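Note that these values count all heavy atoms, side chains included, but never hydrogens, waters or copies made by symmetry. Just so it is clear, the structure is predicted and the values come from calculations on it, not from any experiment.
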Amino acid sequence: MVDGFVAWLPDTIDRRVRVIAWLSFAFQLVLIGTGGAVRLTASGLGCPTWPRCTAESFVNTPEMGIHGFIEFGNRLLTFVLAFIVIAAFLAVIRLRKQRKDLFWLTLLQGLSIPAQAVLGGITVLTGLNPYVVGLHFVVSIVLVALTTMLVHRVYRGPRGTVKVMPSWYTVVVHVTSLFVAITVVFGILTTGSGPHAGDNSKEVPAPRNGFNPEFLQHLHSWPAYATLAGTLILLIGVIALSGRRGARGVRTAILALLGVEILQIAVGLTQARLGLPEVLVGLHMVLAGLLVAAMTWVVLQQRIPTMNVSSGEMAPSLAAAR
C-alpha cells in the first residue's frame, strides 16, 4: 500500500503540483484575512487561553458567544493549512533531487505551522501584546513571499544565473522591495498604536504600543509613496528595455505590482479619512499580503530560469533526468 501511494505521488511538475502550490499561496492570504477578522471583531481573546479554548475545553462553548466562535474558527483554519502544506511537501518529495528548491520551500512552510501556532499561543497568553501580534503578522507575510516563490518556481523552474535586465535596474528592484518591507513594518506599528486592539474587554483592554497613531499614519505613507515612485521608475525602464529577453514577464509583474499599490494607497487614504472602519482595515491587511506577493514576483522575474516550465508544459520526469 505504501509503495502504491509513493508511486502515485508526482514525479513531474503536473497539474496536482500546480494546484497545491496555488492553494498554499491562497490560504496564506486567507489566514491574513481571517486573522484580521479576529482582531477587527475584538475576538482576539475569544478563546482566553491556549492551546485549549477554555480551561476545560479545546473548543469554544455557547457561553463564549460570537467572539469565541470567531477565534476558534481561526484556530481550526490552521489545521486546513497544515493539510495543504503536508500535501505540498508530499507533492514534491519524489522531485527532491531534481528540484531541491521546491523541496526546501515546502519544508520551510511545514516548519512554519508549529511556529505560527506557538506565536498564536503567546499572543493570547500575553493578552494581545501588540509586538507579538505584529511578529505573528510578519511571519505570515514571509510565508506569503515563500508561497509566491513556490508558485513561480513550479511554473518557471529553478532560479537562473542570467539576468534579464541591466545591473542598475536590479538595484532599483531591490531598493523598491526594501521600501515595501519598511511600509509593512510601519503599517504593523501603526495598527499596534490604533483603536483595533483585538479585545472586547472594557475593564482591562489589550495594550497598545504607545506611539502616536496620527504621526505613524503619516510616517507609514512615506515608504509607501517611495515604493510607488520606485515602481514607476521600473515601469519606465522596462518599457525602454522592452527588446531584452524576458522583459515582457518583468513588465507584467510590475504592472501587477503597480495595480496593487494604487489600490492599497486608495484604501489607506480612505480608511484614514473615515476613522479606520473595520472592513477597510481588514482589506488593507490582505492587500499588504498581495503587495508583498507582487513585489516578490517582480524580484523573481529578474533572472531567466534554468528550466523551461510553463502551465502547458511539464518538467522532465525523474526517469528522464537520470
Side-chain angles (χ1 to χ4, degrees), residues 16 19-54 57-62 64-91 105-129 132-151 184 188 191 196-200 206 278-279 281-293:
R16 291 172 293 175
V19 169
I20 292 173
W22 275 111
L23 285 174
S24 299
F25 169 74
F27 264 83
Q28 293 299 340
L29 291 176
V30 168
L31 277 182
I32 289 177
T34 57
V38 169
R39 180 174 193 152
L40 296 167
T41 57
S43 303
L45 295 178
C47 289
T49 187
W50 185 88
R52 295 175 182 265
C53 195
T54 70
S57 175
F58 279 101
V59 301
N60 61 304
T61 62
M64 300 170 74
I66 187 64
H67 297 297
F69 179 81
I70 292 173
E71 166 63 7
F72 182 68
N74 188 57
R75 293 187 183 189
L76 284 180
L77 278 178
T78 302
F79 294 98
V80 177
L81 182 61
F83 174 79
I84 293 172
V85 169
I86 292 170
F89 181 77
L90 291 175
L105 285 171
T106 55
L107 179 62
L108 286 173
Q109 289 178 61
L111 295 175
S112 75
I113 299 296
Q116 282 285 64
V118 170
L119 268 176
I122 295 173
T123 299
V124 172
L125 296 176
T126 58
L128 305 182
N129 181 288
V132 179
V133 174
L135 181 59
H136 203 29
F137 186 76
V138 167
V139 175
S140 294
I141 286 294
V142 171
L143 288 169
V144 168
L146 285 177
T147 51
T148 301
M149 192 179 300
L150 176 65
V151 172
V184 171
I188 291 170
T191 303
H196 301 297
D199 180 23
N200 66 339
E278 288 82 356
V279 173
V281 174
L283 178 59
H284 201 57
M285 292 175 64
V286 175
L287 285 172
L290 285 174
L291 176 67
V292 169

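- Between V124 and E71, the closest side-chain pair of non-hydrogen atoms falls below 4.5 Å.
- When the salt bridge (charged side-chain N to carboxylate O under 4.0 Å, His left out) test is applied to R16, the partners found at least two apart in sequence or on another chain are D14.
- Evaluation of the side-chain hydrogen bond (donor to acceptor under 3.5 Å, both in side chains) rule for N60 yields no partner, not counting sequence neighbours.
- Contact between R75 and P51 at its shortest, heavy atoms only, is NH1-O, 3.5 Å.
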Legend entry - Derivation of the side chain to side chain contact (heavy atoms under 4.5 Å, CB included) call for L76 and V80: CA-CA 7 Å; L76 284 180; V80 177; over 6 Å; no
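- With hydrogens and angles ignored, the 3.5 Å screen pairs no side-chain donor or acceptor of R39 with any backbone N or O of V133.
- With sequence neighbours left out, F89 forms a ring pair (Phe, Tyr, Trp, His ring centres under 6.0 Å) with F103.
- Annotation: the span from F27 atom CZ to I84 atom CD1 amounts to 4.0 Å, rounded to 0.5 Å.
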Legend entry - Residue pair R52, T49: steps toward the side chain to side chain contact (heavy atoms under 4.5 Å, CB included) verdict: CA-CA 6 Å; R52 295 175 182 265; T49 187; 4.2 Å; yes
Inset, instruction - Take V142 and V139 through the side chain to side chain contact (heavy atoms under 4.5 Å, CB included) test and state the conclusion after the steps. - result: CA-CA 5 Å; V142 171; V139 175; 5.6 Å; no
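- You'll find the side chain of L135 stays beyond 4.5 Å of the side chain of V132, heavy atoms only.
- Proximity of a side-chain donor or acceptor of H67 to a complementary backbone N or O of T41 within less than 3.5 Å is detected.
- Taking all atoms of both residues into account, the shortest heavy-atom contact from L77 to V30 is CD1-CG1, 4.4 Å.
- Remark: W50 pairs with no residue by the side-chain hydrogen bond (donor to acceptor under 3.5 Å, both in side chains) rule, at least two apart or across chains.
- With rounding to the nearest 0.5 Å, the separation of OG in S24 from CG in L146 is 11.0 Å.
- Considering only residues two or more places apart in sequence or on other chains, S57 meets the side-chain hydrogen bond (donor to acceptor under 3.5 Å, both in side chains) condition with none of them.
- The heavy-atom pair separating V292 from A145 by the smallest distance is CG1-CB, 4.1 Å.
- C53 is not listed as a side-chain neighbour of F58, based on a closest heavy-atom distance of 4.5 Å or more.
- For the atom pair CG (L45) and CG (L125), the distance works out to 9.5 Å, reported to the nearest 0.5 Å.
- Closest heavy-atom contact between S43 and I70: OG-CD1, 3.7 Å.
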Could you pull out all donor-acceptor pairs under 3.5 Å where a side-chain atom in residues 109-123 meets a protein atom, sequence neighbours excluded?
residue, atom, partner, partner atom, Å
Q109, NE2, L105, O, 3.4
S112, OG, Q109, O, 2.5
Q116, OE1, H136, ND1, 3.0
Q116, NE2, S140, OG, 3.0
T123, OG1, L119, O, 2.8

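- Contact check for M64 versus P48: side-chain heavy atoms found under the 4.5 Å cut-off.
- Nearest heavy atom pair, residue V286 against residue L29, reads O-CD2, 4.3 Å.
- L143 contributes atom CG, which lies 11.5 Å from atom CG of L150 (distance to the nearest 0.5 angstrom).
- A pairwise comparison of heavy atoms in V144 and A293 identifies CG1-CB, 3.9 Å as the closest pair.
- In this structure, CD1 in I86 is found 11.5 Å from OG1 in T106, a value given to the nearest 0.5 Å.
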